[in-house]
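The structure under discussion appears below in the form of structure tokens.
Naming convention: chains lettered A, B, ... in sequence-line order (proteins, then strands); numbering from 1 in each chain.
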Amino acid sequence: MSNQRLGIRWGLCCLFKEEPITFAIRQATHLGKLDRPRQLAQLSATVLHNGNSLIRAIEFCHRQGIGGFRVNSRIFPLKTHPQLGYLLEELPEYDLLDQTYQQAAVLAARLDIRLTFHPDQFTLLSSADAGVTARSLAELAYHGEAAERIGADVITLHGGGGYGDKPAALGRVVALIERLPDSIRSRLALENDDRVYTPADLLPVCAATGIPFIYDVHHHRCHPDGLAIEEVSERACSTWAREPLFHLSSPKEGWQAANPRPHHDFIDIDDLPQCWRHLRITIEVEAKAKEIALKKLADELSAA
DNA sequence: AGCGGTCAAGTTGAT
DNA sequence: ATCAACTTGACCGCT
């Protein structure tokens with residue numbers, strides 16, 4: 001990453017609103033009805049499409065002055081599915097898609113676009129269920145491999161379920177993190193969520209494990225813990241040996257709404273904490289209008 | 001081409 | 001009990 005850049009690196013999450021760059025998936029229900037060669041052919045075409053889209057996404061971000069891109073976990077769809085899972089090497093177009101993803105990796109590094117992953121809600125470090133844990137570890141292994149392939153440097157997870165006993169659940173999180181292979185642990189980061197685990201819950205876990213903390217200020221505002229934004233921001237930064245990663249969004253129907261958790265199409269500039277504005281951090285913007293929201297935010301900030 | 005039902009996985013909380 | 005929400009709409013069969 002560049003040492004010349006000043007200020008905030010803005011990150012776009014997964015998708016585009018208007019720019020015609022798309023990522024495709026496959027549905028297990030339908031794919032399962034095909035024979036294996038047809039399954040692999042469809043998966044190959046989809047993975048290749050997604051690789052080309054990733055290249056175009058990186059190029060778009062560079063043109064727009066966007067410095068980060070979160071990659072959708074389903075970029076290799078159904079890769080960890082118990083019946084339909086596959087190795088990239090099995091796909092008929094492997095050589096071409098290998099080259100394509102290498103090209104994406106080289107491009108992201110050259111253009112200094114920070115790539116991240118955010119595995120979905122089924123990936124849990126806190127579960128007491130051995131099956132859930134095993135599937136989560138498989139999912140993390142997948143993300144670790146994918147991250148290595150494209151040079152992504154963060155895999156973001158929440159604390160997971162509380163199961164009525166958060167200290168016990170966090171104990172399982174710590175124990176599991178300590179057993180993770182380095183390819184995953186070196187990229188893993190923990191983010192506060194809007195229902196269960198606050199910054200006050202997770203900062204000690206991060207201190208105990210050396211895993212960095214991702215501060216989502218919207219989640220913190222929905223699910224506060226008595227800590228001030230300034231304090232959490234400072235403590236979050238201190239968990240990062242590299243550029244910190246934060247999340248920002250605005251409530252769909254305002255802070256007075258019965259449910260402020262759903263995300264707005266755009267970012268209300270007042271939701272960007274003052275104390276973030278001088279930091280050298282990555283802020284991933286979770287706004288439904290995607291690249292349009294980032295453009296609007298950048299315009300408003302430069303006009304301010 | 002466009003529409004509507006459906007889509008791997010776990011947990012929570014609103015209804 | 002059901003269901004939407006979660007980092008995110010897209011797929012697929014039908015008309």
> How about S53(A) and N50(A): does a side-chain donor come under 3.5 Å of a side-chain acceptor?
Replying inline: no

> What is the distance from NE2 of H118(A) to P of dT8(C), rounded to the nearest Å?
Replying inline: 9 Å

> With under 30° as parallel and over 60° as perpendicular, where do the rings of F246(A) and Y215(A) fit, or are they tilted in between?
Replying inline: perpendicular

>> Can you classify the ring geometry of Y142(A) versus F76(A) as parallel (below 30°), tilted (30 to 60°) or perpendicular (above 60°)?
In response: perpendicular

>> Taking dT8(C) as the reference, what is the distance to dA4(C) when you measure between their C1' atoms (whole Å, please)?
In response: 15 Å

> Ring stacking, F122(A) with base of dA9(B), under 5.5 Å and under 30°?
Replying inline: yes

>> If you assign K33(A) and F23(A) each to the DNA chain C nucleotide with the nearest heavy atom, which residue ends up on the more 5' nucleotide?
In response: F23(A)

> Using the P atom in both, what is the distance from dA10(C) to dG10(B), to the nearest Å?
Replying inline: 24 Å

>> Would you measure the distance from the P atom in dC6(C) across to the matching atom in dG2(B) and give it in whole Å?
In response: 29 Å

> Salt bridge check: are R187(A) and E148(A) linked by an N-O gap of less than 4.0 Å?
Replying inline: yes

>> Is there, by distance only and without an angle test, a donor paired with an acceptor across the side chain of N259(A) and the base of dA5(C) below 3.5 Å?
In response: no

> Quick one: is dA4(C) close enough that its OP1 or OP2 comes under 4.0 Å of any side-chain N or O from R261(A)?
Replying inline: no

>> What is the distance, to the nearest angstrom, from the CD atom on Q42(A) to the C1' atom on dC12(C)?
In response: 10 Å

> On DNA chain C, nearest-nucleotide positions of H219(A) versus H30(A): which is more 5'?
Replying inline: H219(A)

> Distance between the P atoms of dC7(B) and dC3(C), in whole angstroms?
Replying inline: 13 Å

> Roughly how far, to the nearest 0.5 Å, is the CZ atom of R70(A) from the CZ atom of F117(A)?
Replying inline: 11.5 Å

> CD1 of I75(A) versus P of dT7(C): gap in Å, rounded?
Replying inline: 20 Å

>> Between E139(A) and R135(A), does any NZ, NE, NH1 or NH2 come within less than 4.0 Å of an OD or OE carboxylate oxygen?
In response: no

> Can you tell me if D194(A) and H218(A) form a side-chain donor-acceptor pair at under 3.5 Å?
Replying inline: no

> Hey, does the side-chain of N72(A) have a donor or acceptor N/O within less than 3.5 Å of a partner on the base of dT8(C)?
Replying inline: yes

> Just checking, is any N or O donor in the side chain of H264(A) or S250(A) under 3.5 Å from an acceptor N or O on the other one?
Replying inline: no

>> Rounding to an integer number of Å, can you tell me how far K288(A) NZ sits from dG9(C) C1'?
In response: 9 Å

>> Taking 4.0 Å as the cut-off, does a side-chain nitrogen or oxygen of H158(A) come that near to OP1 or OP2 on dT7(C)?
In response: yes

> Per the atom types in the model, does the base of dT8(C) pair as donor or acceptor with the side chain of R74(A) at under 3.5 Å?
Replying inline: yes

> What's the CG-C1' distance between D193(A) and dG10(B), to the nearest Å?
Replying inline: 13 Å

> Which part of the nucleic acid, if any, lies within reach of A258(A) when heavy atoms closer than 4.0 Å are counted: base, sugar-phosphate only, or nothing?
Replying inline: nothing

> Between dG5(B) atom C1' and Q27(A) atom CD, what is the distance in whole Å?
Replying inline: 10 Å

> Rounded to whole angstroms, how far apart are CZ on R195(A) and C1' on dT7(C)?
Replying inline: 15 Å

> dT7(C) C1' sits how many Å from R70(A) CZ, rounded?
Replying inline: 4 Å

> In which ranges does DNA chain B form stems of 3 or more consecutive Watson-Crick or G-U pairs, distances under 3.5 Å?
Replying inline: B:1-7 with C:9-15, B:10-15 with C:1-6

>> Does T123(A) reach a base, just sugar-phosphate, or nothing at all? Heavy atoms under 4.0 Å.
In response: nothing

